[in-house]
Colleague: 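Can you read through this structure? Questions will come right after.
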2 protein chains.
Amino acid sequence: MLTLAEENHLKAILSISLINPKKITTNAIAKEISISPASVSDMLKKLLEKKLIKYEKYQGVLLSKKGLTLATNILRKHRLWECFLVNKLKFDWAEVHDIAEQLEHIRSVKLIDKLDSYLNFPKYDPHGEPIPSKNGEFPKNKYTPLNKLCAGEKGKVMGVTIDEKSFLDYLTKLNINIGTNLHVLDIIIFDNSINVLIDDERTHISNDVAKHLLINKL
Amino acid sequence: MLTLAEENHLKAILSISLINPKKITTNAIAKEISISPASVSDMLKKLLEKKLIKYEKYQGVLLSKKGLTLATNILRKHRLWECFLVNKLKFDWAEVHDIAEQLEHIRSVKLIDKLDSYLNFPKYDPHGEPIPSKNGEFPKNKYTPLNKLCAGEKGKVMGVTIDEKSFLDYLTKLNINIGTNLHVLDIIIFDNSINVLIDDERTHISNDVAKHLLINKL
DNA sequence: TATTTTTTTTAGACATATCTAAATTCTTTT
DNA sequence: AAAAGAATTTAGATATGTCTAAAAAAAATA
């Protein structure tokens, strides 16, 4: 069984490698969880002993298969709890992270299974991040959230990652449906909102909306 | 801010004093949280320094006002989470304790406020225990859960502590309503179920049902 | 390539929370 | 009231997880 500190280190390694899938440095982990590199170094020894990482002194670190499984499960729990906080308790998506950071360490397989089912097996968390399945698979990012497209790119709407009436109503109003073709004209850096062309009509879409639209890029 | 160990000690002291409101012994606390009396002794020093308890060496311990507030809040969180687990996630009431024991330590006032509201401000947990209010007051036990009555006692149904359709439907079937007069004939020790007289008719009520019926004893 | 800078690790310290064994204090019994 | 027994505390040890400062290794630069 993992201690809290071990879990936090594993999750940090996973988080970093999701952005940049190279060997992870001690410094990067230290920064991620706000502790000293020396402490990370200590912990890496411990995680190596437990065979949760692949690690050679001075050479950076990778998760082992076992470590990856465990870390992915923590991420899964984090994201499911975020869904609960936002979708059920009506938290603002910006305020849930710290609470989910605590909840992710609750130990009970049954709890997470039931929570998953209670939330209707969501595939994305309130920030649009994919939720790994029980066996550690990330939903295939076959489709790209609209907010990840660049200016000039075109694509077709293939789905949404939220199923609230108000959201879907709004999409209808914007003339967006499954199958709608989009052309990203430009992205406003200030608020990450987007100007798109829908059926030759120029429309402005907020980042909040864009991140929940799954696009099949052309 | 309290550490996990401090929270557990405070909660143990509160739990014991709810059953027997005398000075609490070191041994009793040790037994409650399954650690050695020596460790408890150490912790008591620490809690005294933080003014969370009233304590003199060898003389037992009481919660201070501050300690009582904090301990009550932990109990409140524990019982609210139990409601969530049973009422929303459909856990069996017997399996929620260990999970709630973890959840009770999650730190976020807003989370508990929202959870309380999401659960419709329950007054009793799934075991029929009262849930302290935000400001630490226990719901006045003006009424007694039916499962706490003894053989021979009589009373009137004043309310229920659960509002599920299936439960209420069942009560109707049993001819039980607000205002119904009951007479407890005997209690079956094996499963804590009860034989009662309702309108001169003999009825058998399970413990699960009885604990959710609030009785005004005659 | 030699030197400097940065990164990483080691060494040694400290706080928390636990333990066992021994000493102390309180309680009960005779 | 003294002795025996029980409860409590103290003393000293251990594990975890953190730190800072110093040493070692790797990377960058001159």
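Worth knowing before you read on, the calculation uses all heavy atoms, side chains too, and leaves out hydrogens, waters and symmetry mates.
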Colleague: Whether the A:Ser193 and A:Asp191 side chains hold a donor-acceptor pair (N or O, under 3.5 Å, no angle test) is what I'd like checked.
Modeller: yes

Colleague: Below 4.0 angstrom from OP1 or OP2 of D:dT9, is there any side-chain N or O of B:Tyr55?
Modeller: yes

Colleague: What integer distance in Å separates A:Met43:CE from C:dT9:C1'?
Modeller: 16 Å

Colleague: Whole angstrom is fine here: how far is it from CE in B:Met1 over to P in C:dT16?
Modeller: 13 Å

Colleague: Less than 4.5 Å apart, any side-chain heavy atom of A:Val61 and any of A:Ile29?
Modeller: yes

Colleague: Between A:Gln59 and A:Ser39, who's closer to the 5' end of DNA chain D by nearest nucleotide?
Modeller: A:Ser39

Colleague: Measure from the side chain of A:Thr3, starting at C-beta and using heavy atoms only, and say which of D:dA26, C:dT18, D:dT16 lies closest.
Modeller: D:dT16

Colleague: Between CG of B:Leu119 and NZ of B:Lys114, what distance do you get to the nearest 0.5 Å?
Modeller: 13.0 Å

Colleague: OP1 or OP2 of D:dT10 less than 4.0 angstrom from a side-chain nitrogen or oxygen of B:Lys57, does that happen here?
Modeller: yes

Colleague: Measure the distance from CD on B:Glu56 to P on D:dT8 and round it to the nearest whole Å.
Modeller: 15 Å

Colleague: Side chains of A:Leu62 and A:Ile53: closer than 4.5 Å at any heavy-atom pair?
Modeller: no

Colleague: Is any NZ, NE, NH1 or NH2 atom of the basic residue among A:Glu104 and A:Lys11 found under 4.0 Å from an Asp or Glu carboxylate oxygen of the other?
Modeller: yes

Colleague: It should be established whether A:Tyr58 places a side-chain nitrogen or oxygen under 4.0 Å from OP1 or OP2 of nucleotide C:dT10.
Modeller: no

Colleague: Report the nucleotide, chosen from C:dA21, C:dT9, D:dA26, that has the shortest atom-to-atom distance to any side-chain atom of B:Ala38.
Modeller: C:dA21

Colleague: Starting at CD of A:Glu6 and ending at P of D:dT18, how long is that distance when rounded to a whole Å?
Modeller: 10 Å

Colleague: So that I can tick it off, tell me whether B:Glu101 and A:Arg107 are bridged by a salt bridge, with the cut-off set at under 4.0 angstrom between side-chain N and carboxylate O.
Modeller: no

Colleague: Identify, residue by residue, the members of residues 12-36 of chain B with a heavy atom below 4.0 Å from DNA chain C, and return them in order of residue number, or none.
Modeller: B:Ile35, B:Ser36

Colleague: Give the rounded distance in Å between these two atoms: CG of A:Asp42 and C1' of D:dT20.
Modeller: 12 Å

Colleague: Could you check whether A:His105 and A:Asn8, counting side-chain N and O atoms only, form a donor-acceptor pair closer than 3.5 Å?
Modeller: yes

Colleague: Which nucleotide, D:dA26, D:dT9, C:dT18, lies nearest any side-chain atom of B:Ser41?
Modeller: D:dT9

Colleague: Check the distance between C:dT18's C1' and B:Leu4's CG and give it to me in whole angstrom.
Modeller: 13 Å

Colleague: Whole angstrom is fine here: how far is it from NZ in A:Lys45 over to P in D:dT16?
Modeller: 13 Å

